[in-house]
Protein chains: 2
Amino acid sequence: MSASKSPLVMIPGPTELDASVLEALGEPSMAHADPRLIEHFGRSLELMRDVFQCKAGQPLILTASGTIGWDVIAANLVEPGQRALVVTNGYFGDRFRDCLEAYGVATTALTSQPGTAPTVDEITAALSAAGSSHFSLVTLTHVDTSSGVLTDIKACAAAIRAAQPNALIAVDGVCSIGGEELRMDEWGVDVAFTASQKAIGCPAGLALMVLGERAMAAFNDRVARKVPVTGWYASLANWLPIMKAYEARQPSYFATPAVNLIVALHKALDNLVGFPGGLSALFARQVLASDAFKAGIAAMGLTLVPKTHASAAHLLSAIRFPQGVGAGDLVPKVRARGAVITGGLLAPIKTEYFRVGHMGVSALQASRDDLLVTLRAIEGALIELGVAGVTAGAAEAAFNSVLRK
Amino acid sequence: MSASKSPLVMIPGPTELDASVLEALGEPSMAHADPRLIEHFGRSLELMRDVFQCKAGQPLILTASGTIGWDVIAANLVEPGQRALVVTNGYFGDRFRDCLEAYGVATTALTSQPGTAPTVDEITAALSAAGSSHFSLVTLTHVDTSSGVLTDIKACAAAIRAAQPNALIAVDGVCSIGGEELRMDEWGVDVAFTASQKAIGCPAGLALMVLGERAMAAFNDRVARKVPVTGWYASLANWLPIMKAYEARQPSYFATPAVNLIVALHKALDNLVGFPGGLSALFARQVLASDAFKAGIAAMGLTLVPKTHASAAHLLSAIRFPQGVGAGDLVPKVRARGAVITGGLLAPIKTEYFRVGHMGVSALQASRDDLLVTLRAIEGALIELGVAGVTAGAAEAAFNSVLRK
């Protein structure tokens, strides 16, 4: 199938892929101990320190969906019976909590209304209300992929550190890292992870995690105290020697990695780090693309699920349907116009909104018109559906006016 | 990089890939809820029932290395404190045991000398010695990838069922399923799994499992008794609804699958099931290719790690080094001649042997000369190393004489 026949993938991951990444994916088969694969793997680990902004961190690449990041944290960095505060801004924070509970962690959830994230004051209050009882772990979801809500990790992490200095701070960065800025070192994040198919720009199938020095110290302390880890595939003790070996460019074996995906990941990370002007320019470009896309959405008279501009993620938009329109109406008509978008996911408002991803090459490459194609497709579909107040061309004009600023 | 420049991958997985599978892998990005992906996923599940020979089984495709198969069994099909007999024919049986222990299962290992598998009599004795104490699970490794030892699953499963009718029988089929015959229904295997990069003929990154009716009943009983599962990514409760949805061609979400690998898997399974003459012809062809390859090895005066012909796997050969030769000598010289092979893995004899994979397209496609190239490369390397008794052309003649029979 040629690329031109396939509709644009404009969901919040998987994303459109750069041709260089697809080409890397399709390289001939290679042994998992092949020196070329070891170099791809080792170099990818090194590049992750730049992307996660964690200079002395321990990077891990696991062959799995990003979901396994929750398991790795729940199984290794907190112990059964210990307490975790789960700060949740939507569906994925709730699932992180379910995962922690499945490992016997005693969780307290700090929830928020759909379209919002818990505030810094609420976090401080929750940690103080705990009084003398200690939280071993506090989890944050950088971007809730289900609702497009962005959490202010810098402010939250500072508040957590102030209130409970010994708690590890874990960030689910699945729909953020590589696209939204996350400064692990500077902001005091102890562990963060993402999946390959979001802002990293690689096909799905790899989970990427970086453990900061405090997280590694906590794990090493657990090992010294001989507190067992329940699990095998998500057990850090099995993976850490492998990652150290790959980075030292030595063969090693615990489980066969997804060889072709590792080759593609290396290329995707090279593309990210090699973005003209560096990662800060990349993050700024993602913000600009998001602002332009959201201006186009506003020009159709549509509103976002996130309640404020500051709490709206930059890699996707969660957009409320106009009156009388549902996913079954809109999504197929947009697809017929060349762009795949998706419906809602957050239970209380699932049928009230749809989601569009605008990350990676679709947002970053000036030569691509993916965002415009998508805006035009949504606009055309809404006009076909007879939605009042949608004017052909208005979205594109609004989009362009932001980009030209 | 063009295929012609890359040396042949002749290790026991990953393998050489059919061009059609690589092409499928490189298809443009696709959403995980795209109807095309749902069809690829659903059809792959259906085809797995044929490949695993389990008509009423519940197939699962997880985005992970095959290793996670141990976790799924250990976390879901046996309970902490219950007993498991681990019948181990090498490295991978030992690791299966480690995984079970990590989930709190009380294991008993039935081990064997390198190059052998426990006998049916030994298994019966071990199960009877347990007396009234019940094993909930007995695990078998079909092929130990570390030593090339094949276990007679049919005979072992019959003995287990006779001695302990209520025990679930689990087969690690990572280096067998799709190449060695495994008849789950007929032989009474309750759960079996493999990885995508071995005889299935797909790149690495997917774990494939089929749960037979007894395994599903045991799991459902556990759910009814509300016995919790420790873990999230390896928890059957999370995956089963997803697999049922994909098979019903409905979108569903727990974790984003490795989309491109699923497309490749569908093609690989189609190729397997569509082998001229069917799967029985495919298995026979794998045996013939193995016999021919091993004849070539014997013609160089080399012997195998497995002690008997019947206990030698058909998808790889574990070959003892001639006196004075080690992996550091042989492997690079063989690679320079166009074939990637690998060293030993089983601790007690790790430095004494090397391994060659001869499965999938390398063994099945008459148009490919991968096995001959590999034999010639080994022969040439041994002659260069001055090994006595190796005659140029002898391996090829022996190989051809078997194939021509």
Side-chain angles (χ1 to χ4, degrees), chain A residues 1-3 5-7 9 11 13-17 22-23 25-34 62-68 70-71 74-75 80 95 98-99 102-104 195 197 203-206 228-235 253-261 264 340 342 345, chain B residues 1-3 5-7 9 11 13-17 22-23 25-34 62-68 70-71 74-75 80 95 98-99 102-104 195 197 203-206 228-235 253-261 264 340 342 345:
Chain A
M1 184 180 300
S2 80
K5 286 182 192 162
S6 201
V9 183
I11 62 171
T15 63
E16 285 292 296
L17 297 169
L22 264 181
E23 194 181 330
L25 182 72
E27 281 204 12
S29 188
M30 202 186 295
H32 50 294
D34 191 294
L62 305 190
T63 294
S65 307
T67 302
I68 205 171
W70 298 334
D71 285 77
R95 293 296 84 71
D98 291 340
C99 174
Y103 281 91
Q197 80 278 8
L206 298 175
V229 164
T230 301
W232 189 249
Y233 195 68
S235 170
Y253 177 75
F254 164 61
T256 305
V259 169
N260 298 61
L261 288 175
V340 176
T342 189
L345 181 62
Chain B
M1 185 181 298
S2 80
K5 287 182 190 161
S6 201
V9 183
I11 62 170
T15 63
E16 285 293 296
L17 297 169
L22 264 181
E23 195 181 329
L25 182 72
E27 280 204 12
S29 189
M30 201 186 295
H32 51 294
D34 191 294
L62 305 190
T63 294
S65 307
T67 302
I68 205 170
W70 298 335
D71 284 77
R95 293 295 84 70
D98 291 340
C99 174
Y103 281 91
Q197 81 278 7
L206 299 174
V229 164
T230 301
W232 189 249
Y233 195 67
S235 170
Y253 177 75
F254 164 61
T256 305
V259 169
N260 298 61
L261 288 176
V340 176
T342 189
L345 181 63

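Worth saying up front: this structure is predicted, and the values here are computed from it rather than measured. Basis for what follows: all heavy atoms, side chains included, without hydrogens, waters or symmetry-related copies. We name chains A, B, ... by the order of the sequence lines, and we start the count at 1 in each one.
- A:Leu261 touches chain B through its side chain: at least one heavy atom from C-beta onward sits under 4.5 Å away, while N, CA, C and O do not.
- Of the listed residues (A:Ala74, A:Pro14, A:Ala75, A:Pro228), the greatest number of heavy-atom pairs within a distance under 4.5 Å of chain B belongs to A:Pro14.
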Could you go step by step and tell me if A:Tyr233 and B:Ser65 meet the side-chain hydrogen bond (donor to acceptor under 3.5 Å, both in side chains) rule? CA-CA 9 Å; A:Tyr233 195 68; B:Ser65 307; 3.0 Å; yes

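- The distance from atom CG of A:Leu17 to atom CD of B:Glu27, rounded to the nearest 0.5 Å, is 12.5 Å.
- Separating the CG atom in B:Asn260 from the CG atom in A:Leu22 is a distance of 6.5 Å, to the nearest 0.5 Å.
- Residue contact with chain B, scored on non-hydrogen atoms closer than 4.5 Å, involves the backbone and the side chain of A:Val259 alike.
- Only the side chain of A:Ile11 comes within contact range of chain B, with at least one heavy atom under 4.5 Å from a heavy atom of that chain.
- Taking the side chain as every heavy atom from C-beta outward, B:Ser29 and A:Thr15 never approach each other to under 4.5 Å.
- Neither the backbone nor the side chain of A:Ala33 comes within less than 4.5 Å of any heavy atom of chain B.
- Proximity to chain A is absent for every atom of B:Ser235, based on heavy atoms less than 4.5 angstrom apart.
- For chain B, the nearby parts of A:Ala255 are the backbone and the side chain; heavy atoms of each come within less than 4.5 Å.
- Although no hydrogens or angles enter the test, the distance criterion places a donor-acceptor pair under 3.5 Å between the side chain of A:Asp71 and the main chain of B:Trp232.
- Scanning both residues, A:Thr256 and B:Ala204, for their nearest heavy atoms gives CG2-CB, 4.0 Å.
- Contact tally against chain A (heavy-atom pairs below 4.5 Å) for B:Leu345, B:Val229, B:Asp98, B:Val340: the top residue is B:Asp98.
- In terms of heavy-atom pairs under 4.5 angstrom with chain B, the leader among A:Ala258, A:Gly231, A:Pro203, A:Gly26 is A:Gly231.
- Residue A:Pro257 touches chain B through its backbone alone, counting heavy-atom pairs closer than 4.5 Å.
- Residue contact with chain B, scored on non-hydrogen atoms closer than 4.5 Å, is absent for A:Thr342.
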